[in-house]
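See below for the structure under consideration.
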Amino acid sequence: MFAAERRQLILEMVRANGAVSLRELARVVQTSEVTVRRDVRALEAEGLLDRRHGGAVLPGGFTRESGFPQKSHLATAEKTAIADLAAGFVDEGEAIVVGAGTTTQELARRLARVPGLTVVTNSLLVAQALAHANRVEVVMTGGTLRGSNYALVGSGAEQSLQGLRVSRAFLSGSGLTAERGLSTSNMLSASVDRALVQAAGEVVVLADHTKLGSDTMFQTVPTDVITRLVTDEPPAHDDRAATELQALADQGVQIAVAGGTGAGHGTGQPGLDGGAGDRRGHRRDVPLPGQRRSHGPGGGGGPQLRSAPSLSEAPGGRVADLAPRRR
C-alpha cells in the first residue's frame, strides 16, 4: 500500500471512530507502528487529525464519542487484559455497580463466575452478559434507553440509584486525564455515571492506554474520587502515557497495569516491569518531569511502584501498582 493510500485509510478510520490506537491502525493498514506514527505526524501537520497517547483523534482538542459497533472493535486485546485483572478485585458475595461501556461488558462476562455477587447496572450489555449466571443477581436501573451504547440514562436511572450503597463502582469513559479525571462525550451518560459513583464506597476506572490524556466534554469522576485505575501497558515509545499514569499516581490514584511485556522485556517503558507469569507489582520509580504534588503528613509522600496484596490473586498477567513517590 502506498503512503497516500495508507494515510487516506488512517484518516477514514479516525473520522469513523473518533479515536484509534496506533496498534489498531498498524493492524488494519498492515504495516509497522513506526510507519503509522510517521503517517499520523504527516496528517497532523496538515491539520487533519491530532496525535494522542498511543493513537490519533479527531482535530479540535475534544474527542467525540464513537458508536458501539466502532468501539467494540477497538483495543480488544487491551480490554480483555483489563477485564481479566479487574475481575480479580471482586470478592464473593459483594454488591457492586458496573457502568456502561465495552470494557465493562468484558468485565461482566468474567463476573458471571463470581458466586453470590449482586451487580447493579444501567447497561443492557452488562445485564445480558450476566443473564445466565445462576449465582449472580442483576439489578437494573430505570431510565430511557440510549441506543448508541445500550445504556439506560435520564432522571429515571438517576432516581433509581438514590439510597443505594455498594462496595465499589466499575466505570469506563471516553477520556482520562490527571487534571480532570474521567470524562465522556454525552451529558446524560455523565450524569448517570456520577450517580453510580455516589452509590459506591470505592471507584475503579477501567481505561485502556488510548484514553490516557484524552479529554472529552463532560466530567464524570474527578481524579480525587478515583480509587484505582486498571489499564493496559502502553507501547514502549509512548512516554507521554507513562507521564500521565505517574501524574494520576501523584494525586493518589492506585494504578494497576495488566498485560504487555514490561520494561524488563525490551519495551523501554519505565515503571511497568514483571517477569513472565509474575502477577505481583515491582518497586520501580516512574519519572515525571516537573513539580509534584505533596501527599501525606508534611507533604512527604511520593510516587513509587508497589505491589498491592490483593493483586496477588488477580488473574491476567503482570501487574504494577503506582503510588506517590517519596521525595
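No hydrogens, no waters, no symmetry mates; every other heavy atom, side chains included, goes into these values. One-based numbering along the sequence shown.
A donor-acceptor contact closer than 3.5 angstrom links the side chains of E12 and Q8.
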Please list, one pair per line, the donor and acceptor atoms closer than 3.5 Å that link side chains of residues 38-45 to other protein atoms, with sequence neighbours excluded.
residue	atom	partner	partner atom	Å
D39	OD1	R6	NH2	3.1
D39	OD1	R7	NE	2.8
D39	OD1	R7	NH2	3.3
D39	OD2	R6	NE	2.7
D39	OD2	R6	NH2	3.3
E44	OE1	R51	NE	2.8
E44	OE1	R51	NH2	3.4
E44	OE2	R51	N	3.2

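Rounding to the nearest 0.5 angstrom, the gap separating the CD atom in E78 from the OG1 atom in T231 is 9.0 Å. Here the CD1-CG distance, from I10 to L49, works out to 8.0 Å after rounding to the nearest 0.5 Å. To the nearest 0.5 Å, the span separating CD on E24 from CD on E33 amounts to 11.0 Å. In this structure, the separation between OG on S155 and CG on L188 is 9.5 Å, given to the nearest 0.5 Å. Rounding to the nearest 0.5 Å gives a distance of 8.5 Å between CG of L182 and NZ of K211. Taking CG of L176 as the reference point, atom OG1 of T184 lies at 12.0 Å (rounded to 0.5 Å).
When every heavy atom of V36 is checked against every heavy atom of A26, the shortest pair comes out as CG2-CA, 3.6 Å. Across all their heavy atoms, V192 and G154 have their closest contact at CG2-N, 3.8 Å.
Residues L124 and M140 meet the side-chain proximity criterion, which asks for heavy atoms closer than 4.5 Å. Taking the side chain as every heavy atom from C-beta outward, L117 and R135 never approach each other to under 4.5 Å. The shortest side-chain heavy-atom distance between D193 and V221 does not fall under the 4.5 Å cut-off. In this structure, L164 and V97 have side chains that are in contact, with non-hydrogen atoms separated by less than 4.5 Å. Taking 4.5 Å as the limit, every side-chain heavy atom of S160 sits out of range of all side-chain heavy atoms of L152.
Just one of T102, L85, V98, T104 meets the side chain to side chain contact (heavy atoms under 4.5 Å, CB included) condition when paired with L206; it is T104.
Checking side-chain atoms of S167 against main-chain N and O of A95 turns up a donor-acceptor pair under 3.5 Å. S172 places no side-chain N or O within donor-acceptor distance of the main-chain N or O of A207, the cut-off being under 3.5 Å. Using modelled atom types, no side-chain atom of D208 and backbone atom of D232 make a donor-acceptor pair closer than 3.5 Å. With hydrogens and angles ignored, the 3.5 Å screen pairs a side-chain donor or acceptor of Q219 with a backbone N or O of R180.
With sequence neighbours left out, the side chain to side chain contact (heavy atoms under 4.5 Å, CB included) criterion links A112 to L130, A133. With sequence neighbours excluded, no residue forms a side-chain hydrogen bond (donor to acceptor under 3.5 Å, both in side chains) with T223. Listed by chain and number, the residues in a side chain to side chain contact (heavy atoms under 4.5 Å, CB included) with R168 are E94, I96, F170, E202, V204 (sequence neighbours excluded).
Residues in residues 107-126 take part in these salt bridge (charged side-chain N to carboxylate O under 4.0 Å, His left out) pairs, two or more places apart or across chains: D84-R110, E106-R109, E106-R110. Residue pairs meeting the side chain to side chain donor-acceptor pair (under 3.5 Å) criterion with at least one member in residues 115-131, sequence neighbours excluded, do not occur.
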### Message
Would V126 and L111 count as a side chain to side chain contact (heavy atoms under 4.5 Å, CB included) here? Give the steps.
### Response
CA-CA 10 Å; V126 168; L111 296 181; over 6 Å; no

